[in-house]
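Report on the following structure.
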Amino acid sequence: MQSALPPAGFDQASINFGMIPIVVRDLYPQPLPWLPDWATLFTYAFLHADWLHLLTNMLFLWVFGDNIEDALGHVKYAFFYLACAALAALAHLLFNLDGNGPLIGASGAVAGVMGAYVLLYPHARVFVLARIVWLIPLPVPAFWMLGFWIASQVFYLVVGAGGGVAWWAHIGGFLAGLALAPLLRRRGVPLLGGR
């Protein structure tokens with residue numbers, strides 16, 4: 001993870017391998033001449049700003065990813081994950097055409113996994129930590145948990161919440177997962193949990 005690098009090294013890794021809209025659109029030269037402009041549509045998803053960023057993405061991938069991998073198969077899952085990463089980056093690019101900052105993080109690809117999950121396993125119970133008096137785990141249907149998550153992404157986008165979060169990448173990845181899951185699922189894997 002590049003956060004272990006000194007600040008200058010972290011910045012350079014983000015610029016070299018992060019997805020920068022003006023570089024992908026060929027308005028500005030690629031910092032690494034040997035790396036094709038389009039390659040950062042994938043490489044950005046393997047960079048993270050800090051440990052919390054990485055661990056949060058990996059937690060969501062751990063909770064939802066294994067079921068989607070089972071539903072698609074190993075090879076299709078790898079293709080699906082990378083396709084969601086690229087489509088999430090393209091959604092970010094589409095709404096930030098003149099963006100000159102690097103997009104980094106697996107959130108868009110993980111959002112794709114979550115989109116697939118809500119379509120294939122909407123009734124599966126997901127434990128969320130709820131604070132009533134103290135934190136307690138509550139089982140909630142995936143449809144409600146992930147529905148709330150995507151609604152919150154749209155809300156933050158609409159109200160203009162910044163903080164360096166790529167809301168369009170999250171939304172684009174989620175929609176990519178919804179679109180790709182029915183096409184890539186194994187024969188016999190029902191939509192909507194078979195209901």
Same apolar cluster: Leu138 and Phe148, side chain cutoff 4.5 Å
no
Minimum heavy-atom distance Val140-Met145, with the two atoms named:
CG1-N, 4.0 Å
If hydrophobic clusters are built from ILVMFWY residues whose side chains come within less than 4.5 Å, do Leu52 and Tyr156 share one?
no
Please tabulate, for the side chains in residues 100-122, all donor-acceptor contacts under 3.5 angstrom to protein atoms that are two or more places apart in sequence or on a different chain.
unit_1 : atom_1 : unit_2 : atom_2 : d
Ser107 : OG     : Asn57  : OD1    : 3.1
Ser107 : OG     : Asn57  : ND2    : 3.4
Tyr121 : OH     : Asn67  : O      : 3.4

Check: Leu87 and Leu180 side chains under 4.5 Å, non-hydrogen atoms
yes
If I take atom CG from residue Leu184 and atom CG from residue Leu72, how far apart are they, to the nearest 0.5 angstrom?
6.0 Å
Describe, in one word, how the ring planes of His48 and His53 are oriented to each other, choosing from parallel (under 30°), tilted (30 to 60°) and perpendicular (over 60°).
perpendicular
Is it possible for you to say whether Val165 and Phe155 belong to one hydrophobic cluster, with membership spreading through side-chain heavy-atom contacts below 4.5 Å?
yes
Quick one: hydrophobic cluster around Val23, which other residues, with the 4.5 Å side-chain cut-off, linked directly or via members?
Ile15, Ile20, Ile22, Leu27, Tyr28
Drop me the distance from Leu54's CG to Leu47's CG, to the nearest 0.5 angstrom.
10.5 Å
With sequence neighbours left out, which residue pairs that include part of residues 66-103 fulfil the ring-ring contact (aromatic ring centres under 6.0 Å, His included) condition?
Phe95-Trp168
Contact summary for Leu192 and His123, nearest pair of heavy atoms
O-CD2, 3.7 Å
Per the salt bridge (charged side-chain N to carboxylate O under 4.0 Å, His left out) rule, what does the pair list look like for residues 22-36, sequence neighbours excluded?
Arg25-Asp98
Could you tell me which non-hydrogen atom of Ala71 sits nearest to which non-hydrogen atom of Val189, and how far apart they are?
O-CG2, 3.7 Å
Mind checking side-chain hydrogen bond (donor to acceptor under 3.5 Å, both in side chains) for Gln153 and listing every partner two or more places apart, or none if nothing turns up?
His170
Side-chain donor-acceptor pairs of residues 36-44 under 3.5 Å, sequence neighbours excluded:
unit_1 : atom_1 : unit_2 : atom_2 : d
Thr40  : OG1    : Asp37  : O      : 3.2
Thr43  : OG1    : Phe17  : O      : 2.7
Tyr44  : OH     : Ala85  : O      : 2.6

Give a yes or no on whether Leu59 and Ile150 share a hydrophobic cluster (residues Ile, Leu, Val, Met, Phe, Trp, Tyr; joining criterion: side-chain heavy atoms under 4.5 Å apart).
yes
Taking all heavy atoms of Ala169 and all of Ala88, pick out the closest pair and write down the distance.
O-CB, 3.2 Å
Are Leu55 and Phe60 connected in the hydrophobic side-chain network, where two residues link if heavy atoms are under 4.5 Å apart?
no
